[in-house]
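Numbers here are sequence positions counted from 1. This one's a predicted model, so the numbers in the text were calculated from it and none came from an experiment.
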Amino acid sequence: MNIKGIGSNNIISLYSNVQKKQENVASEVKQDTIELSSIGRSLSSIDMQDFNVNNDIRVARIKEEISKGTYNIDAKLTAQGILDAIKGREFK
């Protein structure tokens with residue numbers, strides 16, 4: 001009868017096998033990717049300095065409405081304004 005004990009060589013080989021498995025798993029890590037839509041790509045080409053907008057009148061009107069307590073923000077109008085600016089339409 002041949003009985004093999006747990007020797008240091010067996011422990012080292014077990015450790016080496018575990019290390020190899022962990023290295024294989026680490027090399028298979030997936031990378032994140034990003035895909036931009038055509039709208040996203042077109043937005044990156046827009047330079048906000050190209051918009052020549054005179055905000056002085058609008059700012060004065062908004063300041064006056066705030067001081068009177070009558071200033072209200074309409075989310076739909078805000079969203080429409082952003083879309084108009086992106087599409088190159090004039091501000092109202």
Side-chain angles (χ1 to χ4, degrees):
M1 180 188 251
N2 186 5
I3 300 175
K4 292 184 180 178
I6 301 177
S8 62
N9 289 336
N10 290 340
I11 293 173
I12 292 173
S13 67
L14 289 173
Y15 178 76
S16 296
N17 291 339
V18 170
Q19 285 290 83
K20 288 177 185 176
K21 288 180 184 177
Q22 288 178 350
E23 288 174 2
N24 289 340
V25 170
S27 66
E28 295 176 6
V29 174
K30 294 183 180 180
Q31 298 292 324
D32 292 336
T33 59
I34 296 175
E35 294 183 24
L36 295 177
S37 66
S38 59
I39 294 173
R41 285 189 291 274
S42 67
L43 288 175
S44 68
S45 66
I46 294 177
D47 187 9
M48 292 306 290
Q49 294 177 355
D50 291 342
F51 295 105
N52 188 10
V53 179
N54 186 358
N55 286 330
D56 296 337
I57 297 170
R58 294 180 71 201
V59 169
R61 181 179 51 84
I62 291 172
K63 282 183 179 180
E64 182 181 342
E65 289 177 3
I66 290 172
S67 66
K68 290 180 182 178
T70 59
Y71 181 69
N72 292 318
I73 299 172
D74 185 357
K76 288 183 180 180
L77 287 177
T78 303
Q80 187 61 51
I82 292 170
L83 291 173
D84 289 347
I86 290 171
K87 293 179 180 178
R89 299 178 189 158
E90 292 200 20
F91 295 104
K92 293 181 181 182

Handout entry: Gap separating the OG1 atom of Thr70 from the CD atom of Glu64, nearest 0.5 angstrom
Key = 7.5 Å
Exercise for the section: Please round to the nearest 0.5 Å and tell me the distance separating atom CD1 of Ile82 and atom CG of Leu77. Expected result: 11.5 Å
Exercise for the section: Step through the shown structure and confirm whether more than 12 heavy atoms of other residues, nucleotides or ligands are within 6.0 Å of CD1 on Ile57. Expected result: no
Practice task
To the nearest 0.5 angstrom, please state how far the CG atom of Asn72 sits from the CG atom of Asp74.
Solution key: 9.0 Å
Practice task
For Leu83, look at atom CG and say whether over 12 heavy atoms of other residues, nucleotides or ligands are found less than 6.0 Å away.
Solution key: yes
Exercise for the section: Please check if atom CD1 in Ile39 has more than 12 non-hydrogen atoms from other residues, nucleotides or ligands closer than 6.0 Å. Expected result: no
